[in-house]
Amino acid sequence: QVQLVESGGGLVQAGGSLTLSCVADGRTWSRSGLGWFRQAPGKEREIVAAISRLGGHTYYAESVKGRSTIYRDNTKNTMFLQIHAMKIEDTAIYYCAADVGAWATAPTVLPAQYDHWGQGTQVTVSS
């Protein structure tokens with residue numbers, strides 16, 4: 001079982017910035033594509049961003065494109081998501097996920113393709 005642990009959530013004012021982290025055990029890190037998802041109350045889980053196994057290819061949802069950055073540090077088995085210019089609608093529980101055995105150069109976009117999920121971290125954006 002791959003364990004993923006998110007951190008960095010909390011309360012942030014609209015217009016501010018936030019950096020989320022996701023640490024995973026190292027057994028499958030190098031073989032995994034990674035992604036960030038979020039789920040707001042009453043809404044379905046949606047993808048926020050994803051990064052390929054080698055880190056060279058990324059995907060961003062339109063809702064965060066241009067104001068967010070996903071990256072991974074393979075020496076520390078850690079993935080990050082920076083979001084700037086935070087909006088009220090960014091309020092959600094944010095989850096990181098791993099797709100073990102993913103393509104090396106393509107980010108995994110579909111939730112069903114992910115094998116392992118973290119417990120989530122709450123992000124609340126206030127006005």
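All values reported here derive from a predicted model rather than from experimental measurement. For this chain, numbers begin at 1 and follow the sequence in order.
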From Leu81 atom CG to Glu6 atom CD, the distance as rounded to the nearest 0.5 Å: 11.5 Å
Joint hydrophobic cluster, Tyr95 plus Val109, side-chain heavy atoms closer than 4.5 Å: yes
Single-linkage hydrophobic cluster, 4.5 Å side-chain cutoff, Val64 and Tyr94 together: yes
Check: Ser52 main-chain N/O paired with Arg72 side-chain donor or acceptor under 3.5 Å: yes
Heavy atoms from other residues, nucleotides or ligands near CD of Glu89 exceed 12 (cutoff 6.0 Å): yes
Option from Leu20, Leu34, Leu4 for which side-chain contact (heavy atoms from CB on, under 4.5 Å) with Met79 holds: Leu34
Fellow cluster residues of Tyr71, listed by chain then number, with links counted only when side-chain atoms sit under 4.5 Å apart: Phe80
Heavy-atom pair with the smallest gap, counting every atom of Gln13 and Val125: C-CG1, 4.0 Å
Donor-acceptor contact present, side-chain Gln82 to main-chain Thr19, <3.5 Å: no
Rounded distance [0.5 Å steps], CD1 in Ile88 versus OG1 in Thr124: 10.0 Å
Donor-acceptor under 3.5 Å (Arg67 side chain, Ile83 main chain): no
Atom pair CZ (Arg53) and CG (Asn74), whose distance is rounded to the nearest 0.5 Å: 10.0 Å
Side chains of residues 96-104: which donor-acceptor pairs under 3.5 Å do they make with residues two or more places apart or in other chains?
from: Asp99; atom 1: OD2; to: Thr108; atom 2: OG1; distance (Å): 2.6

Pairs involving residues 3-39, ordered by first then second residue, that meet ring-ring contact (aromatic ring centres under 6.0 Å, His included) (sequence neighbours left out): Phe37-Tyr114, Phe37-Trp117
Donor-acceptor pairs under 3.5 angstrom involving side-chain atoms of residues 40-47: please list them, not counting sequence neighbours.
from: Glu46; atom 1: OE2; to: Arg38; atom 2: NE; distance (Å): 2.7
from: Glu46; atom 1: OE2; to: Arg38; atom 2: NH2; distance (Å): 3.3

Residue Gln3 excluded, over 12 heavy atoms near CD under 6.0 Å: no
Nonpolar side-chain network containing Leu11, other nodes, edges under 4.5 Å: none
For Ser21 against Thr78, the heavy-atom pair lying closest together: CB-CG2, 4.4 Å
Which donor-acceptor pairs under 3.5 Å do side chains of residues 54-62 form with protein atoms, sequence neighbours excluded?
from: His57; atom 1: ND1; to: Thr105; atom 2: O; distance (Å): 3.2
from: Tyr60; atom 1: OH; to: Ile70; atom 2: N; distance (Å): 2.8
from: Glu62; atom 1: OE2; to: Lys65; atom 2: NZ; distance (Å): 2.8

Any side-chain heavy-atom pair of His116 and Thr28 under 4.5 Å: no
